[in-house]
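Read the structure below first, then the notes.
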Amino acid sequence: MSGSQYVDSEGLLYTAPAREHGNIYKPHNKSMAEELNEKAMHDVHTKEIDLVNRDPKRLNDDVVKIDFEDVIAEPDGTHSFDGIWKASFTTFTVTKYWFYRLLSAIFGIPLALIWGIYFAILSFLHIWAVVPCIRSYLIEIQCISRVYSICIHTFCDPLFEAIGKMFSSIRATVRKEI
């Protein structure tokens with residue numbers, strides 16, 4: 001397409017700009033070709049996950065950040081023995097930690113499978129059913145919209161214009177009599 005010419009809506013002749021890096025499918029630039037090959041090799045399903053920060057989008061910040069002090073608290077004047085308080089803290093923390101690990105070991109993979117299937121079905125329906133239905137509805141409704149608009153402009157506009165002219169000649173004055 002390099003060097004080709006075209007005419008715009010005003011009749012002016014232009015030369016199409018030449019691409020410096022070549023065709024996007026077969027680039028002449030080696031660095032661009034290597035970049036495209038590198039992107040093609042990267043698969044989103046094999047990306048490395050962060051084992052330290054497991055909630056990078058902060059989905060559960062306000063829900064499951066429960067510590068001992070958020071559940072059990074002794075007000076001033078009502079304190080148990082220090083040893084009991086420390087043992088309660090340790091018991092709560094360790095139980096919560098290991099029971100979560102046990103539940104995630106038992107139910108984590110089956111639930112991941114169920115949620116994966118659910119979101120795959122949801123994505124499939126959205127891509128292949130919902131969006132096409134909405135697009136077709138919008139295309140079909142345009143015809144109805146034009147017919148409706150013509151009817152409104154043909155029948156209602158003259159009626160409302162006549163009513164408006166009729167009421168525009170009415171003058172109201174307000175007098176305050178004492």
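Along the sequence shown, residues carry numbers from 1. Everything numeric here is computed off the predicted structure, so don't read it as measured data.
- How far NZ of Lys96 is from CG of Asp67: 5.5 Å, rounded to the nearest 0.5 Å.
- Taking CZ of Phe160 as the reference point, atom NZ of Lys165 lies at 15.5 Å (rounded to 0.5 Å).
- By the ring-ring contact (aromatic ring centres under 6.0 Å, His included) test, Phe92 pairs with Phe68, sequence neighbours left out.
- Tracing side-chain contacts under 4.5 Å through hydrophobic residues (I, L, V, M, F, W, Y), one never reaches Ile109 starting from Ile114; they form parts of separate clusters.
- Distance check: Glu140 CD to Cys133 SG gives 9.5 Å after rounding to the nearest 0.5 Å.
- No continuous path of hydrophobic side-chain contacts links Ile141 to Ile152 [ILVMFWY only; heavy atoms under 4.5 Å].
- Between the CD1 atom of Ile106 and the OG atom of Ser104 there is a distance of 9.0 Å, given to the nearest 0.5 Å.
- Here Ile117 is tied into one hydrophobic group with Leu113, Ile121, Phe124, Leu125, Ile127, Trp128, each link being a pair of ILVMFWY side chains closer than 4.5 Å.
- Phe155 and Met166 are not part of a single hydrophobic cluster, where members link through side-chain heavy atoms under 4.5 Å apart.
- To the nearest 0.5 Å, atoms CG (Asp157) and SG (Cys151) are separated by 11.5 Å.
- Side chains of Ile72 and Trp85 form a contact here, defined as non-hydrogen atoms less than 4.5 Å apart.
- A donor-acceptor pair is defined here as one N or O able to donate and one able to accept, closer than 3.5 Å; such a pair exists between the side chain of Arg54 and the backbone of Leu51.
- What you find for His79 and Glu74 is that their closest heavy atoms are CA-OE1, 3.3 Å.
- By the rule that hydrophobic residues join a cluster once side-chain heavy atoms approach within less than 4.5 Å of another member, Val130 and Leu138 end up as members of one cluster.
- Linking Ile, Leu, Val, Met, Phe, Trp and Tyr whenever their side-chain heavy atoms come within less than 4.5 Å puts Ile144 and Ile134 in one cluster.
- Take Tyr118 and apply the ring-ring contact (aromatic ring centres under 6.0 Å, His included) test, not counting sequence neighbours, and it matches Trp115.
- We find the OG1-CG distance between Thr154 and Leu159 to be 13.0 Å, quoted to the nearest 0.5 Å.
- The main-chain N or O of Ser145 is never found under 3.5 Å from a side-chain atom of Ser149 such that the two would form a donor-acceptor pair.
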